[in-house]
Amino acid sequence: MDSSKLAQIKVGPELTVRDGLQRMDIQGEKILFIVDEQERLIGTATDGDVRRWILGGGPLDATLGEAMYRTPTSIKIEKKPDKEEIRTIMITRGIEYLPLVDGEERIVQVISWRMISDRAFSLRKGEQCAIPVVVMAGGEGSRLSPYTRILPKALIPVGDVPIVELIIERFIEFGCDEFYLSLHHKSEIIKSYFESIERSYRLHYILEEKPMGTAGSLSLMRNSLRSTFFLSNCDILIDADYGDILKFHKENSHQITIVGSIKRITIPYGICEISIDGQLTSLVEKPGFDYFVNTGMYVLEPPVLEKIADGTVIDMTDLITQLLAENEKIGVYPVSEKSWVDIGQLEGLHKLVKRIGT
């Protein structure tokens with residue numbers, strides 16, 4: 001890792017968790033190294049550490065000094081470790097970044113897994129993740145008009161690859177090899193595309209005779225989906241550890257787990273807070289609020305499908321509301337704002353095309 005990159009991921013303990021997540025997004029690394037005033041390593045904060053902090057009820061405006069991991073693994077630079085020793089430590093500890101420090105615990109260099117391995121994916125990718133994937137690809141894609149007047153949303157190209165293939169490829173990276181495509185609008189075009197390409201995975205088509213919403217067609221798969229499965233809209237990409245999402249879902253015995261993106265909403269005005277008699281008590285300039293936004297990616301258990309009557313038109317939000325009313329366990333797995341790309345709208349599509357092209 002070069003010195004300019006290292007300088008950007010070394011931060012003080014006073015940085016907030018919210019700002020730390022933004023720093024990870026900007027730098028494209030899933031870790032920050034926390035240093036004191038003398039630049040000595042005192043902790044680390046990975047996206048996983050931050051996720052555990054949030055799930056434990058920790059606020060986003062807390063400091064990284066509160067949320068950080070306090071006993072990070074490091075190697076003294078004078079030991080001159082060789083590549084195999086570093087590789088062994090990283091595999092044994094399950095870490096993707098290993099700092100080399102001097103005698104004063106100041107970071108001299110950081111070794112990342114991708115620097116020493118031929119594997120193009122993280123240490124965790126592909127673990128315990130070989131479950132079916134359902135992709136909802138039957139919508140008209142009105143937000144992507146005028147493109148979708150000609151092509152179905154699923155086949156809108158991002159570079160040289162259609163949206164739905166990008167989604168499938170991401171799941172394949174994590175060990176998934178069986179996919180169900182729920183189709184309605186321009187279904188024959190989508191089927192023709194997949195029948196014209198070589199593929200290494202199993203693919204099943206589920207045809208909706210009428211639009212059934214973002215959950216209704218699951219009733220058509222009741223006899224096929226007998227195990228835990230992923231569900232994804234066909235216009236979103238999630239940059240996260242899918243194996244860890246599945247682990248979180250299983251460990252908490254959820255019926256549905258929603259992948260939720262942290263979204264900061266800023267009110268572009270000064271907000272007046274007033275008393276009951278109309279007197280100004282405070283004036284807050286452009287306040288911000290944090291929310292978890294439903295990205296459109298989920299993990300589901302098969303019994304959920306029994307809740308959907310045959311032929312029902314129902315969206316996932318309505319199904320989840322129904323299950324909540326029945327006291328079923330619904331979880332939310334948080335990812336950072338930039339880990340979610342909504343390519344179902346033109347702005348998100350253009351951003352992704354630009355990102356891939358750079």
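- Grouping the Ile, Leu, Val, Met, Phe, Trp and Tyr side chains by contacts below 4.5 angstrom, directly or via other members, places Tyr69 apart from Ile54.
- At least one donor-acceptor pair under 3.5 Å links the side chain of His184 to the backbone N or O of Glu208.
- Between the CG atom of Leu225 and the CG atom of Leu305 there is a distance of 6.0 Å, given to the nearest 0.5 Å.
- Under the 4.5 Å side-chain criterion, counting only non-hydrogen atoms from C-beta, Lys186 is not in contact with Leu151.
- The pair Asp2-Lys5 does not meet the salt-bridge criterion, since no charged nitrogen lies less than 4.0 angstrom from a carboxylate oxygen.
- Of the inter-residue distances, the one linking Ser224 atom OG with Ile206 atom CD1 reads 5.5 Å to the nearest 0.5 angstrom.
- Formation of a donor-acceptor pair under 3.5 Å by the Asp315 side chain with backbone atoms of Gly213 is not found in this model.
- The closest donor-acceptor contact from the side chain of Thr321 to the backbone of Thr317 lies under 3.5 Å.
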_Derivation of the side-chain hydrogen bond (donor to acceptor under 3.5 Å, both in side chains) call for Tyr269 and Glu285_ = CA-CA 6 Å; Tyr269 308 103; Glu285 185 64 24; over 6 Å; no

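- Side-chain contact check for Glu178 versus Ile131: every heavy-atom pair is 4.5 Å or farther apart.
- Side-chain N/O atoms of Arg51 and Tyr333 include a donor and acceptor closer than 3.5 Å.
- Using a 4.5 Å heavy-atom threshold, the side chains of Pro99 and Gln109 count as separate.
- Contact between Lys10 and Ile107 at its shortest, heavy atoms only, is CD-CD1, 4.2 Å.
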*Output, in order, the C-alpha distance, side-chain angles, deciding distance and verdict of side-chain contact (heavy atoms from CB on, under 4.5 Å) for Arg23 and Leu32.*
CA-CA 8 Å; Arg23 180 72 66 92; Leu32 296 174; 3.6 Å; yes

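- Transitive grouping of hydrophobic side chains (ILVMFWY, heavy atoms separated by less than 4.5 Å) keeps Ile26 and Val17 in distinct clusters.
- Val133 and Val161 fall within a single hydrophobic cluster, where Ile, Leu, Val, Met, Phe, Trp and Tyr are joined by side-chain heavy atoms under 4.5 Å apart, directly or via other members.
- No more than 12 heavy atoms of other residues, nucleotides or ligands sit less than 6.0 Å from atom CD of Glu209.
- Residues meeting the ring-ring contact (aromatic ring centres under 6.0 Å, His included) test with Tyr180, sequence neighbours left out: His204.
- The distance from atom CG of Asp49 to atom NZ of Lys30, rounded to the nearest 0.5 Å, is 13.0 Å.
- Linking ILVMFWY residues whenever their side-chain heavy atoms come closer than 4.5 Å, directly or via other members, places Tyr291 and Ile267 in the same cluster.
- In this view, Glu251 and Lys247 satisfy the side chain to side chain contact (heavy atoms under 4.5 Å, CB included) rule, not counting sequence neighbours.
- Between Phe292 and Ile262, the closest side-chain pair of non-hydrogen atoms falls below 4.5 Å.
- Side-chain contact, Tyr97 with Glu29: a donor N or O sits under 3.5 Å from an acceptor N or O.
- Side chain of Arg170 to backbone of Ile238: a donor-acceptor contact under 3.5 angstrom is found.
- Remark: the Ser261 side chain and the Glu337 side chain contain no N/O donor-acceptor pair separated by less than 3.5 Å.
- Here the rule is side-chain contact (heavy atoms from CB on, under 4.5 Å) with Tyr298, and of Ile258, Ile330, Leu319 only Ile258 fits it.
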*Where do Glu301 and Thr228 land on the side-chain hydrogen bond (donor to acceptor under 3.5 Å, both in side chains) test, with the steps shown first?*
CA-CA 5 Å; Glu301 292 299 317; Thr228 306; 2.7 Å; yes

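- Checked by atom type, the side-chain pair Lys329/Ser253 shows no donor-acceptor distance below 3.5 Å.
- Between Arg18 and Asp61 there is no salt bridge, since none of the side-chain N atoms of the basic residue sits less than 4.0 Å from a carboxylate O of the acidic one.
- The residues Arg106 and Glu39 are annotated as not salt-bridged, no charged nitrogen and carboxylate oxygen being separated by less than 4.0 angstrom.
- Put simply, the side chain of Ile172 does not reach to within 4.5 Å of the side chain of Asp177, judged on heavy atoms.
- Under the 4.5 Å side-chain heavy-atom criterion for Ile, Leu, Val, Met, Phe, Trp and Tyr, Met90 and Met115 are members of the same hydrophobic cluster.
- For Ser219 and Asp310, the side-chain atoms include no donor-acceptor pair closer than 3.5 Å.
- Here the side chains of Ile256 and Val304 are in contact, with some heavy-atom distance below 4.5 Å.
- Within the 3.5 Å criterion, the main-chain N or O of Gly48 finds a donor-acceptor partner in the side chain of Thr46.
- With hydrogens and angles disregarded, no donor-acceptor distance shorter than 3.5 Å links the side chain of Thr312 to the backbone of Ile308.
- Scored by the side chain to side chain contact (heavy atoms under 4.5 Å, CB included) test, Leu203 finds Phe179, Leu181, Phe194, Arg199, Tyr201, Tyr205 as partners (sequence neighbours excluded).
- From Cys234, atom SG reaches atom CG of Leu237 across 10.5 Å, with rounding to the nearest 0.5 Å.
- For the pair Leu218 and Val134, the minimum side-chain heavy-atom distance is below 4.5 Å.
- The backbone N or O of Leu15 sits nowhere less than 3.5 Å from a side-chain atom of Thr63 that would complete a donor-acceptor pair.
- Relative orientation of the His254 and Phe248 rings is perpendicular, given thresholds of 30° and 60° on the angle between their planes.
- For the residue pair Asp277 / Ser275, a side-chain donor-acceptor distance below 3.5 Å is found, with atom types taken as modelled.
- Between Glu14 and Leu64, every side-chain heavy-atom pair lies at or beyond the 4.5 Å cut-off.
- Judged purely by distance below 3.5 Å, without hydrogens or angles, the side chains of Asp19 and Thr16 pair a donor atom with an acceptor atom.
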*Evaluate the criterion side-chain hydrogen bond (donor to acceptor under 3.5 Å, both in side chains) for residue pair Glu96 and Ser112; output intermediate values, then yes/no.*
CA-CA 6 Å; Glu96 295 189 62; Ser112 68; over 6 Å; no

